[in-house]
Amino acid sequence: MGIFGWLGLFAGTDASEAHSVYGTWVSLVPPLIAIALALITREVILSLFAGLWVGALFLMAYNPFSATAESLDVMVTAITKEDHVAIIVFSLLLGGMVGVMSRGGGNQGIVTLLGKHANTRKKGQLFSWLSALFIFFDDYANTLIRGNALRPMTDRLKISREKLAYIVDSTAAPLAVCAVITTWIGFEITQIANSLSALAEQTTDEALAAQLQTGADNAFIIFLDSIPYLFYPILALSFVLMIIVMRRDFGPMYDAERRAASGGGVLRPGSVPAADTELQTLQPVDGKPRKWYNAALPVIAVINVALFGLYLTGSAGLEEGQRGITDIIGNSDPFAALLWASFTGCTLAILLVVFQKILSVKEALEAMIGGMQSMLVAIVILILAWSLGGITQSIGTGAYLASMLEDSLPIILLPGLVFFIAALTAFSTGTSWGTMAILFPVVIPLAVAMGAGVGFAGGEYYGILLGSISSVMAGAVFGDHCSPISDTTVLSSMSSACDLIDHVRTQLPYALVVAGVALVVGEIPAAFEWIHPIWGIFAGLVILYFILRFFGKNPEEGIKVAA
C-alpha cells in the first residue's frame, strides 16, 4: 500500500471494499469528466485532478477521504515509474539546455540566421514541417526538440503558438508510427508477434497453428504490409503540408492565425502557456554576441547522441546475424538514449557560452535552472495525465472499450470499428502505446477467429487482418491527437509554449476531418477491397485538398504582415 493509502484505512475504507466498476460503462466517467472540464473551463490542472479524484472515488467505495488519499498515492506511483522519471528528467534537461541557449543569445542567433531564408510565414511553417524528417526516430524527442528550437523563429514571423504546436504534434507520432526505423517499431512488432504466437499455442488445428507461428516469426513483414493501411497518420502528415502550401486554415486555427498575423499576439490574450518563456533568466544578455551555433550545436548533439544511444543499447545482446538497423532500433532503450542526449546537449550548451565568456558559470547554471523552471507547469500536467491514465487502467476503461469488439459483426466492418474503438480508448486514456497494448491482444485473435488472414500473404481476407492491425495503430494516434490528457499533446504544448487547451481546440477540427476522410476513403473501401489502399490515400489527398479549397481561408488576407 502506498504512503497515502494508509490515510484511506484511517478514514475507514479499504480499496478492497470498493464497489465493482471495473470494465463497465462507469469506467468512462473519470476521463470524460477530465476532458469535458478541461475544454469548458480551460483549467487543465484542476480538470485532470477532478477526473483522477472521481476515478479514485469509484475505487474507494465512494469515500471522499479515501479517494483523496488514493489520488495522491496514484500520483506518487506515476512519478516513480522508471519510464516516467526518464521523461521528466529528459524534459528538465532539455528545458535547461534551451534556457542556456536562450540566455546566451544562441536562440536569437538562430532567428537571425533563419530570417535570411525563412522570411515569410509560409516558409517558416514549411521549415517547421520539414524539420520533422530530421528527428523521425522518436516522437518525444521530435516534439520537445523542434518546438523549443523553432519557437523563436515562428514568433518572429507571427505564426501563432497554436499553429506551431499543431505542426509539431501532427508530424511527430504520425511519422513515428509508420516509419520503419523508430523507437515504436520494436513495440509494434512485439505486440503483433506475441498476439499471433499466443494464438498459435492455443489452437488445436496443427496446420493453422503452423501458419500462425509463421506469421509471428515474420511479424516485421506483416508490419511492412500494413503500412499502406495507416490512412490517418499518412493523411495527417500530408494535411499539415497541404495547409502550409495552400496557406489556408479553418475553424479555431483560422482565428488564431489571423490574430497572430494581424499583430494580436502569438498567444491568445489570457492564455496560460504550458511553458514560461518570459522569465528574465531566459532573456539574452545585453551587449554579448548572439551566435547561431551556440543553439545549433547543442541541438545537433542531442540528435546525434540519441541516435548513437539507440544503436548502442539496441545492438547489445543481439546475435551477429540480427544486427540489421531495424533489429537494433527495435531492441533499443529509447529512454536511456534520450537521457544521454539531453544531458550532453545541456552540458555542451553551458560549455559553449562559458568558454566564449558570454556567461559566467554561475549565470549559465542560473539560466539552466530557469529553463527547467519554465517546464514546471507542463510536468505537473504530465504527471496528472499519467495518474489519470493509471486510474483508468485500474477501473478497466480500456478493457471495457476492448470488450465492445467482441460482439458479433461482419468481418468487413472490423477495421473501421477497430479504428473507432482505438481512437476512443486513446482519447479516454491519453496514451497511444497503452491503447496498442490493450487492443492488439484482442483485435488480432478476433480477426483471425473471424477468418481474416488465414494463410497470411495471399490468404483470404489478408487485407482485413492488415487493416485491423493498422487501425489499432492509426486509431491510437488519432485519439492521442484529440485528447487533452495525452502525454504527446502535453509535450507539444510545452515545447511550443502554447496553452494546452488552445492547442487541443485548434487541432481537434483538423484531426476529425482527416479521420473522417480516412474512414470514408481508406478503412471502409480497403476492407471491402473496392480499391487498393494506395488509391485510397490518393483519394483522401484529393478530398482534403477540396475541403481546404472550399472551406479554408487565408488568415493573412487583407492584413499587411510585417516580418
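Note: hydrogens, waters and symmetry copies are ignored here, and every other heavy atom, side chains too, is used.
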If you look only at distance, which donor and acceptor atoms sit under 3.5 Å apart when one is on a side chain in residues 469-477 and the other is two or more places apart or in another chain?
| unit_1 | atom_1 | unit_2 | atom_2 | d |
| --- | --- | --- | --- | --- |
| S470 | OG | Y229 | O | 3.2 |
| S470 | OG | L466 | O | 3.1 |
| S470 | OG | G467 | O | 3.0 |
| S471 | OG | P415 | O | 3.0 |
| S471 | OG | G467 | O | 2.6 |
| S471 | OG | E523 | OE1 | 2.7 |

Start with the C-alpha distance between H481 and Y232, add both sets of side-chain angles, then the distance that settles side-chain hydrogen bond (donor to acceptor under 3.5 Å, both in side chains), and finish with yes or no. CA-CA 11 Å; H481 272 171; Y232 176 80; 2.9 Å; yes
With S342 via side-chain contact (heavy atoms from CB on, under 4.5 Å) - residues at least two apart: F90, L93, L94
Check: G147 main-chain N/O paired with S496 side-chain donor or acceptor under 3.5 Å: no
Steps toward side chain to side chain contact (heavy atoms under 4.5 Å, CB included) verdict (L241, T171): CA-CA 10 Å; L241 181 61; T171 52; over 6 Å; no
Does the separation of the ring centres of F478 and F427 fall below 6.0 angstrom? no
Point-to-point distance, once rounded to the nearest 0.5 Å, from OH of Y166 to OG1 of T506: 9.5 Å
Atom pair CD1 (I33) and CG (L48), whose distance is rounded to the nearest 0.5 Å: 12.5 Å
Short question: side chain of E257, backbone of S160 - any donor-acceptor pair under 3.5 Å? yes
For the atom pair NE2 (H503) and CG (L164), what is the distance rounded to the nearest 0.5 Å? 9.5 Å
W535 vs F538 aromatic rings, parallel, tilted or perpendicular, using cut-offs 30° and 60°? perpendicular
State, with a plain yes or no, whether a side-chain heavy atom of I501 is found less than 4.5 Å away from one of P484. yes
How close do L548 and R248 get, counting heavy atoms only, and between which atoms? O-CD, 3.2 Å
Looking at D249 and K163, does any basic side-chain N land under 4.0 Å from a carboxylate oxygen? yes
Give me the atom names and distance for the closest heavy-atom approach of L388 to G51. CD1-C, 3.6 Å
Could you tell me how the ring of F250 sits relative to the ring of F239: parallel (under 30°), tilted (30 to 60°) or perpendicular (over 60°)? tilted
Closest approach of S271 and P273, non-hydrogen atoms and distance? O-CD, 3.5 Å
Going by heavy atoms in the side chains, are I243 and Y510 under 4.5 Å from each other? yes
Under the side chain to side chain contact (heavy atoms under 4.5 Å, CB included) rule, what do S131 and L150 come out as? Steps first, then yes or no, please. CA-CA 9 Å; S131 65; L150 295 167; 3.6 Å; yes
Please report the C-alpha distance between I391 and V54 in whole Å, then the side-chain angles of each, then the deciding distance to 0.1 Å, and finally whether the side chain to side chain contact (heavy atoms under 4.5 Å, CB included) criterion is met. CA-CA 9 Å; I391 214 76; V54 169; over 6 Å; no
Give me the atom names and distance for the closest heavy-atom approach of I234 to I227. CD1-O, 3.6 Å
Is there side-chain contact between I383 and I88, with heavy atoms separated by less than 4.5 Å? yes
Any chance you could measure L237, atom CG, to C178, atom SG, to the nearest 0.5 Å? 6.0 Å
Non-hydrogen atoms of S27 and P30 that approach each other most closely: O-CD, 3.6 Å
Given side chains that start at C-beta, do those of V517 and F231 come closer than 4.5 Å, heavy atoms only? no
Drop me the distance from D73's CG to M60's CE, to the nearest 0.5 angstrom. 9.0 Å
Rounded to the nearest 0.5 Å, what separates atom CD1 in I444 from atom OG in S468? 9.0 Å
Ignoring hydrogens and angles, tell me if any N or O in the side chain of S483 forms a donor-acceptor pair with the backbone of D480 under 3.5 Å. no
Would you check if L230 and P233 make a side-chain contact, meaning some heavy-atom pair closer than 4.5 Å? yes
Quick one: do W53 and E70 satisfy side chain to side chain contact (heavy atoms under 4.5 Å, CB included)? Show the steps, please. CA-CA 8 Å; W53 187 84; E70 180 67 11; over 6 Å; no
Just by distance, do the side chain of S170 and the backbone of I167 share a donor-acceptor pair under 3.5 Å? no
Test item: L28 and L424 side chains (from C-beta on) under 4.5 Å apart, heavy atoms: no
Closest non-hydrogen atoms of M75 and L52, given as atom of the first, atom of the second and distance, are CG-CD2, 3.8 Å
